[in-house]
Every structure is written in C-alpha cells, then in structure tokens.
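When reading the values below, keep in mind they use all heavy atoms of this one structure, side chains included, and skip hydrogens, waters and symmetry mates. Keep in mind the model is a prediction, meaning the values are calculated, not measured.
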Amino acid sequence: MKAKKILSAVLALALSTSALAVMTGSAEDAAPSEPVFGDIDGNGEVNATDAAYILKYAAEVGSGVFDGTLDEYVKQKNQSKTITDGGEKLTIASWNDNDLKNMIEVFNQDYPDITVEYVNCGADSGADANVKYKSFLNSGEGADLFIAESGWILDYINNEGYSVPLSELGITEADYQDAYHYTVEIGTDNNGILKGASWQAAPGGFCYNTTLAKQYLGVKSPEEMQAKIDDWDKFESTAAELYEATDGAVTITATMDGMWQCYASATNAPWVIDGKVNTETALNFTNMLIPYVTNYYIDPTIEQWSTEWKTLGKENKTLGYFFSTWCLTSGTQLEENCGTDGNWNIVVGPQEYFWGGSWLCVSPKCDNKTEASQFIKYFTSDAESMEKYALASGDFVNNKSVMEKISAGDYSNPLLGGQNQFAVLKDAAENIKLNESITPYDETLKQALRYALYSNIFNGDAQQVIDEFLVQAKNDVPELFPEEADSQENTYPEAVG
C-alpha cells in the first residue's frame, strides 16, 4: 500500500502538464489564477521545491514516519508554517554589523518606512556563531532573517527547525541567473530546496603597504609587487628578502591564518572525503609554513582577529594582509588595520583564492514576510540596487553583470590609493568552486587545525601538528572516527576567526 502511495505521488508530478510546461519553458501558458497540478508549495509553478516535497513524503511514508495521502501530508506541512506578516520591524541576526550597517543605510534610502534592526546572536565571531545560533534560534526571541557563514551554513539550511525555503517569500532559483553559481548551490539544502541567498562573492587578495614595499623591496607598482609574490616559492623568497632588509622588524604577512586561507581555498580539497578526514592539504601547508616560522618571516604567536593582528599594519610591522572582499568595505579591516592614508594596494598574491561568504536565511519565526522578501531581493537579485550597494560600500556583490560593469569603470577606493579592487579580484570570483568542497564539518576542523598549528608549529615537525589536529578532530567530530572515538575534553581555545 505504501509503495503504491509513493508511486502515485511521483507519477502525479511526472505526468503533470504544468510540470512539463515548466521544463519546456512554456509555463506562461498556464493561467496564474488556476491551481497548478503538482504545485505542492502553492507558489504557482512546479519546480525543484515541489519535487523535494514529494521525495520527503515518499521517505517519510517508506520509513513509517507518516501514514497518509500526499494531500494530507501537504496540509500538515502547510499548517506548520509560521512565516507571517505584521511584525513591528525587520530583524536580522548576526555576530556583528560590519556588513549590515552599510546594508541598512543603503536599503533605507529606497525603503525609508521599513525599520531594520541588527540583532546580535550572542556570538563574538563567525565561528562562535556556529554554536550560539542554535540557542538563539531556539529561544523565545528569534529574528526574521539570520546571516550564515560558508563554514557552517549546511547545519542550518538542512534543519527545518532553523530555516525555511526562500520560496515562501516568493524567491526562487530563477532570481539568480546572474549570480555566481556556487553561491546558489551552497544555499540549496540536501533536498534541492533554496534556503539561503548570498549578497556577495568573496574572492581574496594580498593587501600590501606601498611605502614599505618601495623602501625595502624597491617595488613601485602593483604589477611589480605581484611579480615578486605570484607563487609560493616567490612569496618565500620575498619574505627572506624583507627579513634581511629590515633585520626582522617587518614580517611578510600578519598571521598563519591568512596564509592558510589563501593556500587551502585554492586547493579546493574537501576536509572530508568518503566519510574520513582528509589531512593532505593540512600536511602540505604545514610543511610549507615551517620555514616561515623557523626563519622568523612571520610571527606564529599572533592570531587572526586579535588586537596584535589589528595593530601590525598601522605600526608598519607587517608588509601585508590576506584580505577578502568583505575586509575592504568602509569601516572594516582595511580601514581598521591599515589606516586611511591610502598607502596600501591590493594584488592577487601567490594564487587566486576566496575567503568565506555570507548568506541570508529565513527563520521559522519570521513575522515580516513582505519586508524580508524585499530586503533579500534588494541585495541578492536586483541588479540596480546591488550596484548601488557595491558602489556605496565597496563590497563585491553577487551579480556577474554588475561586477563586470564596475570592474571596467572608474570606481576607486581611497583606502587603496584610488585602486579599483574589483578589477583586481574579478577573475578570482569567476573561479570560486566552494560548492565542490564544502562539508558540514569545515569550521570545526579548521579550528582544530588552528589549535594544532599554534601549539606545535614551533617544533618544526609537520607530522606532530597533524597528529595533534587529529586528536582534536576526534574529540569534536567523533562520528568521523567511529573506530577510534574517545571522550577527551575539548582543550583548545575558543575560536576567534
């Protein structure tokens, strides 16, 4: 009987003339006021979301979780929806408002009557938010929207208790034809349902102090700087040259963390392969890093996002930082760490890379459906408003046509001496393939490696670093080590980046 129910449900979608119309591009033939056969979520069209409903229905019937017809299943799911209108203000949860303060300012220029409020989720950093969000979203307060990071977004979009489909706001994949495709794939859950929309792509580059580069390396242009660091061998040679020229007073870059992000994201190797932790990239990076530590080309005691990290640039103690595009907006790291003199430039660096990225997700507690939809569309799918935001903030928006236009235009960043960072990083954005390597364990395993590096890199033994990394990984994600799971307590510091 259950098998017949499942078969009937699948056939209902497969034989739907409306479904065929959508697949052949003739959906406009169906009157929008008429019910569309196979339209499970009631948004007027048959798409991947409807197919996912049917597959979930089939799975729940097959496992005995649900025993009823497809119509009964759909009614039950629709009754459980909590997305409404009528709230007092649009609330957006995050761990800081570095992006949001610029976004809200630009949004309110076109929507002055909508009050948008940033809500801190109780976290001190993006990594910390991975843990704190769960308590926040389960609390009585909640928010309409929340911002998720690439390192842990999968935990949230694949949990119906934490997020709802964007289709409930009238937003579908069709709205993102000009987006960088990896952002759409990452925002899609395991059932093929779009749950997150990103307003930014996040290519990275190497920002360097032009005064120090000229004084100690004889570099007079971004082209000359790029030529000295356009692969890792040259990066190390330039680090040695800088060390000799400054007697060790100026490091090539601020932290190991920045080097790791550039190196690791460019390899595009997942942390987990066939259910097992992949240590190859971590081992190769550690071997490469050891000479920088033993020769004092970098200071391995300085951690990303720390006070010391922030002051190195202004104090002329480091040549440069590995910065992503979200570090280059007004009021963020470029200004905070490097000052406003404009004596900094950006180049691609040893290799093209990316760093992070953020997605807007809808909380099940959203009570400002209309405003939430307007906000998401404004920053993630409307080309005109996305261009306006990019020019106002300096953020690299998630629209290829907009970025092509700005890259070829006369945009200039005064913090970078008038340089157009979009022109430098545009090609790197086209090559981001995060969707091919992302796993639910990324942030946890990254922090385990951080601890292992900061604890053991002084010893000059790469394998010792990896062994410590595996100890921490087993403790944090024992499901990846079913044959070796132990009960050792987490002893490494709270993540800061």
Side-chain angles (χ1 to χ4, degrees), residues 204-219 222 224-267 281-324 327 333 337-338 343-353 355 449-466 497:
F206 184 72
C207 286
Y208 71 96
N209 185 314
T210 57
T211 303
L212 296 179
K214 182 177 181 180
Q215 181 178 355
Y216 296 116
L217 301 175
V219 167
E224 291 181 6
M225 187 71 241
Q226 178 61 29
K228 292 187 73 69
I229 61 170
D230 65 2
D231 61 38
W232 287 110
D233 288 338
K234 291 181 181 179
F235 194 81
E236 185 178 346
S237 296
T238 300
E241 180 183 351
L242 184 65
Y243 178 86
E244 292 295 328
T246 66
D247 196 24
V250 181
T251 61
I252 183 71
T253 190
T255 63
M256 296 187 292
D257 303 79
M259 291 179 64
W260 161 257
Q261 190 63 41
C262 178
Y263 182 91
S265 71
T267 64
T281 300
L283 179 59
N284 291 341
F285 173 75
T286 304
N287 278 317
M288 185 190 79
L289 183 64
I290 287 174
Y292 289 84
V293 175
T294 57
N295 292 314
Y296 304 101
Y297 299 157
I298 63 172
D299 185 343
T301 68
I302 295 178
E303 298 188 27
Q304 193 83 9
W305 317 119
S306 66
T307 300
E308 293 79 8
W309 172 77
K310 293 178 181 179
T311 59
L312 288 177
K314 289 181 179 178
E315 294 176 353
N316 293 326
K317 292 182 178 179
T318 191
L319 178 67
Y321 291 92
F322 287 95
F323 276 161
S324 181
C327 298
Q333 287 76 21
N337 296 19
C338 306
N343 62 326
W344 287 73
N345 278 169
I346 188 170
V347 294
V348 173
Q351 56 191 138
E352 291 183 345
Y353 74 99
W355 192 334
L449 178 63
R450 280 189 80 251
Y451 173 72
L453 283 169
Y454 279 100
S455 301
N456 297 276
I457 194 66
F458 302 94
N459 300 325
D461 186 339
Q463 191 56 53
Q464 185 175 344
V465 171
I466 298 305

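A pairwise comparison of heavy atoms in W309 and Q333 identifies CH2-CG, 3.6 Å as the closest pair. Between Y292 and A239, the shortest heavy-atom contact is CE2-CB, 4.0 Å. In terms of heavy atoms, P222 sits closest to V347 at O-CG1, 3.4 Å. E236 and P291 make their closest contact through OE2-CB, 3.5 Å (heavy atoms, listed as atom of the first residue, atom of the second, distance). Heavy atoms only, all atoms of each residue included: V250 and L319 are closest at CG1-N, 3.6 Å. When all heavy atoms of I457 and P300 are compared, the closest pair comes out as CG2-CB, 4.1 Å.
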Between T251 and I302, is a side-chain contact (heavy atoms from CB on, under 4.5 Å) present by the stated rule, with each step listed? CA-CA 12 Å; T251 61; I302 295 178; over 6 Å; no
Y297 and T238: CA distance, side-chain angles, deciding distance, side-chain contact (heavy atoms from CB on, under 4.5 Å) verdict: CA-CA 10 Å; Y297 299 157; T238 300; over 6 Å; no
Show your reasoning for whether side-chain contact (heavy atoms from CB on, under 4.5 Å) applies to M225 and N345. CA-CA 9 Å; M225 187 71 241; N345 278 169; over 6 Å; no
Check the pair I229, F206 against side-chain contact (heavy atoms from CB on, under 4.5 Å), reporting the backbone distance first and the verdict last. CA-CA 9 Å; I229 61 170; F206 184 72; 3.6 Å; yes
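Not counting sequence neighbours, the partners of A462 by the side chain to side chain contact (heavy atoms under 4.5 Å, CB included) test are L283, T286, N287, I290.
For K214, the NZ atom counts as loosely surrounded, since its 6.0 Å shell holds 12 or fewer non-hydrogen atoms of other residues, nucleotides or ligands.
Taking CH2 from W260 and CE from M288, the interatomic distance works out to 10.0 Å, rounded to the nearest 0.5 Å. The line from CG of N316 to CG of N343 is 7.5 Å long, rounded to the nearest 0.5 Å.
Taking the side chain as every heavy atom from C-beta outward, D299 and K317 never approach each other to under 4.5 Å. Side-chain contact between F323 and N337 is present, with heavy atoms from C-beta onward closer than 4.5 Å. The side-chain heavy atoms of L289 and V465, taken from C-beta on, include no pair separated by under 4.5 Å. Residues Q261 and Q304 fail the side-chain proximity criterion, which asks for heavy atoms closer than 4.5 Å. The shortest side-chain heavy-atom distance between I298 and T255 does not fall under the 4.5 Å cut-off.
One side chain, W232 or Q351, offers a donor N or O that lies under 3.5 Å from an acceptor on the other.
Of the possible donor and acceptor atoms, none in the side chain of S455 sits under 3.5 Å from a partner among the backbone N and O of A452. No donor-acceptor pair under 3.5 Å is formed between the side chain of S324 and the backbone N or O of G204.
Using bins of under 30°, 30° to 60° and over 60° for the plane-to-plane angle, the ring pair F235/F322 lands in the tilted bin. In this pair, Y263 and F285 present their aromatic rings tilted. The plane angle is within the 30 to 60° band. Classification of the W344-Y321 ring pair by plane angle, with boundaries at 30° and 60°, yields tilted.
Among residue pairs with one or both ends in residues 247-267, those qualifying as salt bridge (charged side-chain N to carboxylate O under 4.0 Å, His left out) are D257-R450; sequence neighbours excluded.
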